[in-house]
Structure formats: structure tokens, C-alpha cells
There are 2 protein chains.
Amino acid sequence: MDNNHDAGQDSQKILEEFKKICESFGIKLTYQRLEIYRILLEAKDHPSAEDIFSRVQKKVPTISLDTVYRALATFEKFGLVRKFYSLDEKARFDPNVFPHFHLVCIKCHKITDFQWPEVEKKSLPSVAREWGEIKERYLELRGVCKDCLKK
Amino acid sequence: MDNNHDAGQDSQKILEEFKKICESFGIKLTYQRLEIYRILLEAKDHPSAEDIFSRVQKKVPTISLDTVYRALATFEKFGLVRKFYSLDEKARFDPNVFPHFHLVCIKCHKITDFQWPEVEKKSLPSVAREWGEIKERYLELRGVCKDCLKK
DNA sequence: AGATAGTTGAAAATTATCTTAAGTTAAGCT
DNA sequence: AGCTTAACTTAAGATAATTTTCAACTATCT
């Protein structure tokens with residue numbers, strides 16, 4: 001009961017938030033985009049387009065994979081999501097657009113967010129400053145996660 | 001003249017080195033592998049499989065792209081090269097297997113090696129230590145390189 | 001030199017992603 | 001509330017990166 005109620009509240013909040021965002025950017029608010037965005041916000045595992053597609057399909061059975069790709073591209077264009085590549089050729093999508101880094105398991109490919117303020121803020125080495133204008137620090141710590149260590 | 005002579009010496013060295021490596025790992029030494037490896041050692045730009053293919057083709061016109069893919073996979077398996085993904089779904093290959101980081105231009109996608117010992121050696125944050133066993137630090141500084149800034 | 005296991009090249013299969021074309025819908029206007 | 005229009009969605013097919021299959025070949029060991 002409580003869960004349902006909370007879920008309802010969350011959905012409402014998400015919908016409102018999303019509407020605002022779409023309005024402010026002039027993105028047309030469609031059912032499929034809303035559901036894709038909702039799935040993304042819920043996802044904590046940095047899903048691929050295919051992952052997102054199969055999750056959204058449960059809610060919107062007629063949706064096509066192309067729509068997912070297009071919606072994600074649109075979201076990325078407006079800074080609503082971050083697209084990145086890690087250990088394989090599949091793009092991953094991250095609804096967390098604030099600076100943060102990733103812990104990547106080389107066994108199960110699970111990706112977890114983490115912060116490392118010292119690296120985030122450390123002043124750049126001179127080679128980097130001379131190379132050009134740095135806009136972003138992309139850091140992955142790769143290894144074997146606890147779950148996979150147990151096996 | 002001098003250049004030719006030096007190139008000859010280099011090739012000789014590379015060949016000897018590569019032979020040793022192949023022997024020690026039990027990799028069969030073929031002409032195509034040798035040329036692929038040579039191109040890789042010469043390359044400073046983190047080429048894709050396709051890039052490597054078109055360079056090797058000049059020397060070995062009958063080589064196929066599949067062979068390049070297979071050779072690179074073999075090299076990677078034995079730790080002779082590093083495979084990684086950056087801004088797009090194309091794998092890049094790096095003959096430098098020692099710890100180092102990358103400067104990545106978001107305009108021209110050029111990738112340059114650099115060192116940042118302070119980050120390389122800094123002790124991991126506790127979240128990371130609790131997450132599992134970290135094996136590698138993968139860092140990219142992304143921005144616009146000097147050449148692209150001029151345009 | 002001959003056997004054998006690993007390697008190559010060609011072609012086709014797979015996987016990820018994008019494009020095109022035609023019908024559909026959200027958003028603004030009335 | 002209905003009309004218009006540009007943007008959106010779907011389906012199908014196109015493209016790009018990578019992998020697999022299989023028959024022919026070759027490096028290495030004997």
C-alpha cells in the first residue's frame with residue numbers, strides 16, 4: 001500500500017519535473033519520452049539503449065528501439081543524460097549529469113557512481129594545460145566488485 | 001639515406017623484440033602479425049582496427065580486416081596492447097601498456113598520452129576500497145586541443 | 001621433408017546504431 | 001474544442017563495427 005502510494009507520488013514528481021524540462025528546452029513531451037526518461041531516472045546501473053528498450057517495453061509494448069535511440073540522443077543533446085563508453089562498444093546512459101566518476105567491474109560490467117573530490121578538484125598538470133582546454137575529467141576505477149570476488 | 005638506415009635498424013629491433021615476445025607466449029609468428037605489430041608500435045595516435053588495417057594494407061595488400069581484428073585480440077590477450085573505448089563505439093588500440101592517461105579532443109577525437117603521477121599514486125577513497133578490488137585507473141581529460149582551438 | 005595445430009582470407013552472420021518514408025500526435029493558434 | 005503544423009513515432013531497411021565459420025594455407029616440431 002505504502003509502496004504504491006509512494007510510487008505514485010514519485011511518478012507524479014518525475015512527470016512534473018520532466019514536463020518542466022521539456023518545456024524549457026522546447027522538447028515535445030511524448031508518452032514514450034516520458035517513460036524512457038522515467039526508466040532512466042529509476043535506473044542505477046547505467047543501462048545501454050537495449051537495456052532501456054526492454055525495460056520501457058514492459059510499460060509501452062509498442063515502442064520501438066529506434067525511438068529509444070532517438071530519445072536518448074535528444075536527451076543527451078539537451079544535457080539531460082550523459083552517454084559514455086566503458087569496456088565494450090555499447091553506449092551506456094547516465095541520468096546523473098553532475099560530475100562524478102565510475103567504479104567498473106571487469107567481470108560483470110556493473111557500473112557504480114562514486115565521488116573523489118580530491119581528483120575532481122586537483123589542479124591539472126602542465127602538459128594538460130598546454131595541450132588545450134580541458135572541459136571534463138572522465139575517470140573509471142576498474143576492478144572486480146565484491147559480488148564477483150565472492151564467486 | 002640516414003632515415004632509411006635508421007628505419008632498417010628500428011625494424012630489425014622491433015622484429016627481434018616481437019619474435020622474442022611471440023616465442024615466450026607461444027604465439028605463432030606470422031608476417032601479418034609482425035606488420036600489424038610494427039604499425040602499432042609506430043602509431044602515436046591510438047588507431048582503430050580500421051585505421052590499422054588501412055596502414056598495414058600498404059605493406060601487405062592481401063591482408064584482410066578480420067586478420068587485423070584477430071591479431072589485435074591476440075595481442076590484447078597477451079598484454080601486448082591495450083584496447084579501449086573513448087568517445088565513440090570504435091575500439092582504439094594502444095601499444096603503450098604501461099600506466100598512463102589520455103588527453104582526448106572532443107572536436108577531432110585525437111588522443112594523446114600523458115602522465116599524472118599524483119593521480120596515479122593517490123590512495124583510493126574508502127568507497128572504492130569497499131566496492132571491491134581495483135586493478136586499474138582509467139582517466140581521460142576531455143576538451144579541445146590547441147589545433148582545434150585555433151579554428 | 002611431413003604432420004599437425006594454429007592462422008589466414010573470404011564470405012556471411014551478428015550486434016549496435018542510424019536513416020528514410022509515411023502515418024501520427026503534441027503544442028500553439030484560433 | 002477544433003485546426004494546423006512541425007516534430008515525433010514506427011517499421012523497415014541501411015550502415016558500421018566486430019565476430020564467426022570454414023576451407024585453404026603455413027609456421028613449428030619432429
Side-chain angles (χ1 to χ4, degrees), chain A residues 15-16 18-37 39 46-57 59-78 80-93 109, chain B residues 15-16 18-37 39 46-57 59-78 80-93 109:
Chain A
L15 192 144
E16 289 310 321
F18 188 72
K19 272 189 179 168
K20 260 185 244 153
I21 293 165
C22 283
E23 242 168 73
S24 68
F25 286 121
I27 305 174
K28 208 180 257 187
L29 178 72
T30 67
Y31 179 42
Q32 354 329 56
R33 280 183 178 160
L34 174 62
E35 290 308 321
I36 291 166
Y37 190 67
I39 288 296
H46 308 79
S48 66
E50 192 77 44
D51 294 333
I52 296 165
F53 172 59
S54 59
R55 289 175 208 179
V56 174
Q57 242 185 345
K59 195 87 180 278
V60 192
T62 61
I63 202 167
S64 73
L65 180 56
D66 337 275
T67 301
V68 175
Y69 272 109
R70 262 177 309 222
L72 291 170
T74 305
F75 295 166
E76 197 206 359
K77 197 168 109 191
F78 290 102
L80 290 170
V81 308
R82 297 286 293 280
K83 176 182 179 178
F84 67 95
Y85 294 87
S86 178
L87 299 179
D88 55 37
E89 63 271 35
K90 276 186 217 171
R92 306 297 202 112
F93 296 88
H109 289 204
Chain B
L15 193 145
E16 288 310 322
F18 187 72
K19 272 190 180 166
K20 260 185 243 155
I21 293 166
C22 283
E23 242 167 72
S24 68
F25 286 121
I27 305 174
K28 208 180 256 187
L29 179 73
T30 66
Y31 178 43
Q32 351 335 52
R33 280 182 178 159
L34 174 63
E35 290 307 323
I36 292 166
Y37 190 68
I39 288 294
H46 309 79
S48 67
E50 192 78 45
D51 294 333
I52 296 165
F53 173 60
S54 60
R55 290 175 207 179
V56 174
Q57 241 184 345
K59 195 86 178 279
V60 192
T62 61
I63 202 167
S64 72
L65 181 54
D66 334 81
T67 300
V68 174
Y69 273 109
R70 265 179 306 221
L72 290 170
T74 304
F75 295 165
E76 197 205 1
K77 197 168 108 190
F78 290 101
L80 291 169
V81 308
R82 297 286 293 279
K83 177 182 179 177
F84 67 95
Y85 293 87
S86 179
L87 299 180
D88 55 37
E89 63 271 34
K90 275 187 219 170
R92 307 295 203 113
F93 296 88
H109 289 204

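Reminder, nothing fancy here: chain letters follow the sequence lines and each chain counts from 1.
Over its full length, the helix from C:dA1-D:dT30 to C:dT30-D:dA1 turns its helical axis through 40°, comparing axes from the five pairs at each end and rounding to 10°.
In this structure, CD1 of B:Ile36 is placed 12 Å from P of C:dT7, rounded to the nearest angstrom. Taking atom CZ of residue A:Phe78 and atom C1' of nucleotide D:dC8, one finds them 13 Å apart after rounding to whole Å. A straight line from NZ of B:Lys90 to P of D:dT18 spans 9 Å, rounded to a whole angstrom. When the P atom of D:dA16 is taken as reference, atom CG of B:Asp51 falls 15 Å away, rounded to whole Å. If you take CD1 of B:Ile63 and P of C:dA10, they are 11 Å apart, rounded to a whole angstrom. Atom CG in A:Leu87 sits roughly 17 Å away from atom C1' in D:dT18 (whole-Å rounding). Here the P atom of nucleotide C:dT24 and the CZ atom of A:Arg33 are 19 Å apart, to the nearest Å. Separating the CZ atom of A:Phe53 from the P atom of C:dA16 is a distance of 13 Å, rounded to the nearest angstrom.
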The test is side chain to side chain contact (heavy atoms under 4.5 Å, CB included); show your working for A:Glu76 and A:Phe93 and say whether it passes. CA-CA 9 Å; A:Glu76 197 206 359; A:Phe93 296 88; 5.6 Å; no

Walk me through it: do A:Ile36 and A:Ile63 pass the test side chain to side chain contact (heavy atoms under 4.5 Å, CB included)? CA-CA 10 Å; A:Ile36 291 166; A:Ile63 202 167; 4.0 Å; yes

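Annotation: ring-ring contact (aromatic ring centres under 6.0 Å, His included) contacts of A:Tyr37 (sequence neighbours excluded): A:Phe18, A:Phe75. When the ring-ring contact (aromatic ring centres under 6.0 Å, His included) test is applied to A:Tyr69, no partner is found at least two apart in sequence or on another chain. Residues that satisfy the salt bridge (charged side-chain N to carboxylate O under 4.0 Å, His left out) test with B:Arg70, not counting sequence neighbours, are absent from this structure.
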Which letters describe nucleotides 24-30 of chain D, given B = protein heavy atom under 4.0 Å from base, S = only from sugar-phosphate, - = neither? --BBS--

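Across all strands, A:Thr62 comes closer than 4.0 Å only to sugar-phosphate atoms, never to a base (heavy-atom distances). Base contact: A:Leu65 has a heavy atom under 4.0 Å from a base atom.
Within 6.0 Å of atom CZ in B:Arg55, more than 12 heavy atoms from other residues, nucleotides or ligands are found, so the atom counts as buried in its surroundings.
Within residues 69-76 of chain B, the residues that place at least one heavy atom under 4.0 Å from DNA chain C are, in residue-number order, B:Arg70.
Closest heavy-atom contact between A:Leu29 and A:Cys22: CD1-SG, 4.0 Å. Between B:Asp66 and B:Ser64 the shortest heavy-atom distance is OD1-OG, 2.8 Å.
Side chains of A:Arg92 and A:His109 form a contact here, defined as non-hydrogen atoms less than 4.5 Å apart.
Distance check: A:Ile27 CD1 to A:Thr74 OG1 gives 6.5 Å after rounding to the nearest 0.5 Å. The CD atom of B:Glu23 sits 8.5 Å away from the NZ atom of B:Lys19 when rounded to the nearest 0.5 Å. Distance check: B:Gln57 CD to B:Thr62 OG1 gives 9.0 Å after rounding to the nearest 0.5 Å.
When distances are taken from the side chain of B:Thr67 to each of D:dT9, C:dT8, D:dT18, the shortest belongs to C:dT8. Minimum atom distance to the side chain of A:Glu89 is reached by D:dT18, of the listed D:dT18, D:dC8, C:dG9. For A:Asp66, counting side-chain heavy atoms from C-beta on, the closest listed nucleotide (D:dT19, C:dA16, C:dC18) is C:dC18. Checking C:dT17, D:dT19, D:dA17 against every side-chain atom of B:Glu50, the shortest atom distance belongs to D:dA17. Taking every side-chain heavy atom of A:Ala91 into account, C:dT17 is the closest of C:dT17, D:dC8, D:dT18.
Between B:Phe93 and A:Val68, the residue anchored nearer the 5' end of DNA chain D, judged by the nucleotide with its closest heavy atom, is A:Val68.
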